[in-house]
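Heads up: the structure comes next, in structure tokens.
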Amino acid sequence: MMDFFDDYSAYLDIEGMKLFDGYPTDQKEHSCPHVFYCEKCNTNTTVLISEYEL
């Protein structure tokens, strides 16, 4: 989702972007917002996906 902000957001630090992405708990809860598009109903929805370490 952060890549949609502007042309340069893809080059910024992800943890820094989480401070102003509109999801107040994503940094603390280690989640990442992802945008999904439904072709059937022509809508977007954002889902917070849990991060994990390999």
(request) Kindly determine whether Val47 and Phe36 satisfy side chain to side chain contact (heavy atoms under 4.5 Å, CB included), including the steps that lead there. (result) CA-CA 7 Å; Val47 177; Phe36 291 90; 3.9 Å; yes

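- The two residues Ser31 and Glu51 have their closest heavy-atom pair at O-OE2, 3.6 Å.
- Contact annotation: the side chain of Leu48 never approaches that of Cys32 to less than 4.5 Å [non-hydrogen atoms, C-beta and beyond].
- Counting heavy atoms from C-beta on, the side chains of Tyr37 and Asn42 come closer than 4.5 Å.
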